[in-house]
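Okay, so here's the structure we're looking at.
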Amino acid sequence: MKKKEAEVSIYDQIKELKKNESWNEIVDLVDRDIDKHKVEREMNGTICYQFFDILDYLYNCNCHFNGAEELPNWAGNGEIILMNEKANALKKLCKYPEAISLIDSMIEVAPNTARFYLMKSEIALAQEDVIEAENLLKEAYKYIWRSSDFAVMLSQFACISMIKENYDDALAYASLALTHNKNDSVKDFANNILNKVKVLKGKGDLTILDKYDAIDSFSSHELLFPVDTNEHFAYDAYEYVLRNKEDMGEGQVKYTRDNLIMLLKGHKIAAKVIEVSVLTGNYLYARNDYMFAFQASKEYRQKDTTGAPPGRFYELSDGKNIVYIEGVENIDSDDEYYSVVENVIGEHVNEGFVLVEREKLHIKDELLAEKVIFDLGNGSYCTMYWLKFSNKLAGRVYTVDTTPQSEGEREIINIVSTWEYMH
């Protein structure tokens, strides 16, 4: 049954008007009704902002808090949504001065929001003001923590590169935009840039670049990776939503998870770091340089390894026991791995340590380990687990205690049993 006209919200009316591209009607509708949605800019001495959602509000508070005594209030999003709809309508009508004036007002209502600067840069591009567009994109970059916004920024840089006849850069920017947003509109944009570059360079065999080739094609990586603060917030946003998923809903869980992965150009281990911390009693440690990851109990905290022997990746301690994790030697095959293990065990025996126990362990399908216990001769024992840290690195996880059945071994088993190879 159709809603009565009086029951149709302004947001529903705008949705219908957009289908017919009735931009003037949208402007008139917002102008007529926006006063009903306005809120005070300050309440009880505390500034009030209208961010689109709770995550943008948290981003502002966590990353751009200016030291005021009280955090700003988030006063809903009714007014800012209507302002945004009107600004987009004005942009469609090519009423650029009015649109920019409104967007500036939106920045006051919801500061540090990347999409508003991206809207202004889009207008600058439409007016062929490349210098202004570049300046606005650099301003937007400071506030981008959403992967979709990063895709917009990169797409606009692709357009600027086309204008400047830097066709290789244009293709690289468009390719990188796809790593942040795989929607059809971004795919169409990237393919459009590709086809233009093929014609302009006379190279019919060009293709969309993968993320690594796209990044490597630039002499400077400035603006290709998120600002550290914004990257960290993408982690925080996923953690916040995961901890509050009953209130936030599964849709937000999926969105913030996908956003984090895509902002880091496909590194799924980033999301798993949060999931392990929130949902288990472990922390997850990942080494992208050696392509492995493992989990350790939260009771075992990472110690500073400054001055430690070469190859020592981690020292984890619960205040009583210490577990050492060391990469020993690069390898190219299983035979080399077994040779490394035999050589090091032989060296220990030659140094006078007594081999108390040696046992091969099947940890899981893709991971074999070898347990070795040495009597160090001074009233202490070393319990050592050997394994392939990755396809190219042999390593060991060990602890030293006064008994061969060490308390620290329980943590070694936790670490080894959660070991995984990153692909």
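Quick caveat, the model's predicted, so the values are computed rather than measured.
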Can you confirm whether or not the ring centre of [X] sits under 6.0 Å from the ring centre of [Y]?
| X | Y | result |
| --- | --- | --- |
| H64 | F233 | no |
| Y285 | Y314 | yes |
| F389 | W419 | yes |
| F51 | W74 | no |

Closest non-hydrogen atom pair between [X] and [Y], with its separation:
| X | Y | answer |
| --- | --- | --- |
| K298 | T280 | NZ-O, 3.1 Å |
| D129 | E132 | OD1-N, 3.1 Å |
| T305 | F313 | CG2-O, 4.3 Å |
| A296 | E411 | CA-OE2, 3.3 Å |
| F52 | N77 | O-ND2, 2.7 Å |

* Structure fact -> Paired with N230, the side-chain hydrogen bond (donor to acceptor under 3.5 Å, both in side chains) test is passed by just one of Y141, Y59, Y143, W145, namely Y59
* Please collect all ring pair (Phe, Tyr, Trp, His ring centres under 6.0 Å) contacts where either partner lies in residues 78-100, sequence neighbours excluded, each pair once. =>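 Counting only pairs at least two positions apart or across chains, no ring pair (Phe, Tyr, Trp, His ring centres under 6.0 Å) contact touches residues 78-100.
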* To do: Ignoring hydrogens and angles, state whether a donor on the side chain of S297 or N414 is under 3.5 Å from an acceptor on the partner side chain.
  =>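 On atom types as modelled, these side chains qualify, holding a pair under 3.5 Å.
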* Asked: Is there a donor-acceptor contact under 3.5 Å linking the side chains of E326 and Y398?
  -> yes
* Asked: Y238 and E275: side-chain hydrogen bond (donor to acceptor under 3.5 Å, both in side chains), yes or no, with the steps?
  -> CA-CA 9 Å; Y238 180 42; E275 291 156 6; 2.6 Å; yes
* What distance separates K198 NZ from T207 OG1, expressed to the nearest 0.5 Å? ->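 Here the interatomic distance stands at 8.0 Å.
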* Please confirm whether K371 makes a cation-pi placement over Y385, using NZ or CZ under 6.0 Å from the six-membered ring centre and within 45° of the ring normal. => no
Heavy-atom count around [X] [atom1] within 6.0 Å, excluding the residue itself: above 12?
| X | atom1 | answer |
| --- | --- | --- |
| K196 | NZ | no |
| L279 | CG | yes |
| K18 | NZ | no |

* To do: Could you pull out all residues at least two apart from K303 that satisfy side chain to side chain donor-acceptor pair (under 3.5 Å)?
  =>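 Applying side chain to side chain donor-acceptor pair (under 3.5 Å) to K303 gives none.
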* Can you list the steps and then say if K86 with D28 is a salt bridge (Lys or Arg N to Asp or Glu O under 4.0 Å)? -> CA-CA 9 Å; K86 179 181 174 181; D28 292 341; over 6 Å; no
Got a list of side-chain donor-acceptor pairs under 3.5 Å for residues 148-160, not counting sequence neighbours?
unit_1 : atom_1 : unit_2 : atom_2 : d
S155   : OG     : A151   : O      : 2.8
Q156   : OE1    : S121   : OG     : 2.6
Q156   : NE2    : L118   : O      : 3.3

